[in-house]
Amino acid sequence: MHAWTAPELARFLRWAEEHDSDIAMAWRLLAYTGMRRGEGLSLRWRDVDLDAGRVAVRRSVGVVKDKGKGEQLVEGATKTGQSRVVDLDAGTVAALRAYRAVRGSVALDLVRDIALVLGTLDGNHRHPERFSRLFVERELQVRRAVGEELLPIIRLHDLRHTHATLLLAAGEPVKVVSERLGHASATITLTVYQHVHPGMGREAAARFAALLDG
């Protein structure tokens, strides 16, 4: 598991927006919400409430391989089987509005309620595995453009880890982060991200002592 720092993530997203704003929206949405790949790729416009600034994560799409029949993309429940609502920041809401307007100018079918937010321009699901490979390709392009030392290599799934790591390191309550990620419990979040703040317990002890000493 790896995570980018805030400057590294900003560097990647800025380059992506300048060179391919359509796919850049996908990277931004995953990074700013912590959604899993399949959840993001199955998100439909009816799941997005731009006025309220939130998205409802209700399903996930994955690759099902059937021996003798090849593979197909199938939508199902989220990993935990539970839906959740994830709040969006104002900047991402504005970016989604602009993205929707551009898509609508290409074809109205792309912005209907049932349309996929991050689908292809012909309205289909993006293939999850090819989507991950595309992320790596873009990542390598950014590294060549800005300097390899300024952008470590991570996986697409690590955008989710980056989201959680940055929030926890900034002091966001574990329960809030857990709900955004769609973990079954905050205990899972604590277990997965216990490395974020090795000195967290020591800091808590010092804060408690300060309350009494003050």
Side-chain angles (χ1 to χ4, degrees), residues 1-4 9 12-13 15-17 19-48 55-86 88 92 95-96 99-100 102-103 106-107 109-143 151-165 180-184 188-189 192:
M1 183 174 67
H2 300 282
W4 277 334
L9 176 59
F12 173 80
L13 292 178
W15 188 95
E17 177 62 32
H19 291 82
D20 188 347
S21 59
D22 186 70
I23 197 63
M25 188 68 248
W27 315 139
R28 176 175 184 143
L29 196 56
L30 294 185
Y32 275 64
T33 64
M35 281 191 290
R36 300 176 180 88
R37 176 183 70 181
E39 294 170 344
L41 294 182
S42 62
L43 194 70
R44 297 177 185 275
W45 284 112
R46 68 188 179 203
D47 305 317
V48 181
V55 296
V57 182
R58 297 189 172 105
R59 67 194 77 81
S60 183
V61 64
V63 180
V64 175
K65 297 180 181 180
D66 189 351
K67 189 174 181 180
K69 296 183 180 179
E71 62 178 33
Q72 59 180 329
L73 301 186
V74 177
E75 275 193 2
T78 63
K79 187 174 181 179
T80 62
Q82 300 294 318
S83 299
R84 69 185 185 280
V85 174
V86 181
L88 303 173
T92 298
L96 277 169
Y99 170 80
R100 193 172 192 274
V102 171
R103 288 218 142 197
V106 174
D109 282 346
L110 293 176
V111 294
R112 299 191 190 283
D113 282 352
I114 61 171
L116 294 163
V117 176
L118 302 178
T120 62
L121 291 180
D122 57 7
N124 295 320
H125 288 96
R126 291 184 183 274
H127 190 289
E129 293 172 4
R130 288 198 287 270
F131 183 65
S132 289
R133 289 196 292 270
L134 179 59
F135 173 78
V136 173
E137 291 173 11
R138 291 292 184 267
E139 184 178 37
L140 294 176
Q141 290 175 337
V142 179
R143 281 166 57 86
L151 194 74
I153 290 179
I154 66 172
R155 306 163 301 160
L156 175 67
H157 191 67
D158 290 326
L159 288 180
R160 176 174 164 84
H161 295 316
T162 296
H163 181 79
T165 298
R180 289 181 69 79
L181 295 178
H183 282 165
I188 294 174
T189 311
V192 174

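What you see below is based on every heavy atom in this structure, not just the backbone, and it leaves out hydrogens, waters and symmetry mates.
- Note that the CG atom of L96 and the CG atom of L88 stand 6.5 Å from one another [nearest 0.5 Å].
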Where do Q72 and D66 land on the side chain to side chain contact (heavy atoms under 4.5 Å, CB included) test, with the steps shown first?
CA-CA 8 Å; Q72 59 180 329; D66 189 351; 5.6 Å; no
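- If you take CG on L116 and CZ on R126, they are separated by 10.0 Å, rounding to the nearest 0.5 Å.
- Side-chain contact between V61 and V74: absent, with no pair of heavy atoms (C-beta onward) separated by less than 4.5 Å.
- Tested against W4 for a side-chain contact (heavy atoms from CB on, under 4.5 Å), the candidates T165, T162, D158, L13 yield a single pass: T162.
- Partners of R46 according to the salt bridge (charged side-chain N to carboxylate O under 4.0 Å, His left out) rule, which considers only residues two or more places apart in sequence or in another chain, do not exist here.
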Let's go through W27 and L9 carefully: what are the C-alpha distance in whole Å and the side-chain angles of both, what is the deciding distance for side chain to side chain contact (heavy atoms under 4.5 Å, CB included) to 0.1 Å, and is it a yes or a no?
CA-CA 10 Å; W27 315 139; L9 176 59; over 6 Å; no
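- Here the side chains of L159 and M35 are not in contact, with every heavy-atom distance at 4.5 Å or above.
- The heavy-atom pair separating A77 from S60 by the smallest distance is O-CB, 3.7 Å.
- Counting heavy atoms from C-beta on, the side chains of V48 and V55 come closer than 4.5 Å.
- Minimum interatomic distance between A26 and L118 (heavy atoms only, all atoms of both residues): CA-CD2, 3.8 Å.
- The CZ atom of R58 sits 12.0 Å away from the OG1 atom of T78 when rounded to the nearest 0.5 Å.
- Between the CZ atom of R155 and the NE2 atom of H161 there is a distance of 5.0 Å, given to the nearest 0.5 Å.
- For the pair L30 and H163, the minimum side-chain heavy-atom distance is 4.5 Å or more.
- Two residues are said to be in side-chain contact when any heavy atoms from C-beta on lie closer than 4.5 Å; D47 and R59 meet this criterion.
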Derivation and outcome, side-chain hydrogen bond (donor to acceptor under 3.5 Å, both in side chains), residues H125 and E75:
CA-CA 10 Å; H125 288 96; E75 275 193 2; 2.7 Å; yes
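- Here the side chain of W15 pairs no donor or acceptor atom with the backbone of R143 at under 3.5 angstrom.
- The shortest heavy-atom contact between P128 and L73 is CD-CD2, 3.6 Å.
- Residues I153 and V136 are not in side-chain contact: their nearest non-hydrogen atoms beyond the backbone lie 4.5 Å or more apart.
- Note that the OH atom of Y99 and the CG atom of L110 stand 8.5 Å from one another [nearest 0.5 Å].
- Taking all atoms of both residues into account, the shortest heavy-atom contact from H127 to V63 is CE1-CG2, 3.7 Å.
- Expressed to the nearest 0.5 Å, how far CZ of F135 lies from CD1 of I23 amounts to 11.0 Å.
- When the options R84, Q82, R36 are evaluated for a side-chain contact (heavy atoms from CB on, under 4.5 Å) with V57, the one that passes is R84.
- At least one donor-acceptor pair closer than 3.5 Å links the side chain of R160 to the backbone N or O of G34.
- A search for side chain to side chain donor-acceptor pair (under 3.5 Å) contacts involving S132 returns R37, not counting sequence neighbours.
- Atom NE2 of H2 has 12 or fewer heavy atoms from other residues, nucleotides or ligands within 6.0 Å.
- Sorted by first then second residue, the salt bridge (Lys or Arg N to Asp or Glu O under 4.0 Å) pairs that include residues 131-141, not counting sequence neighbours, are D20-R138.
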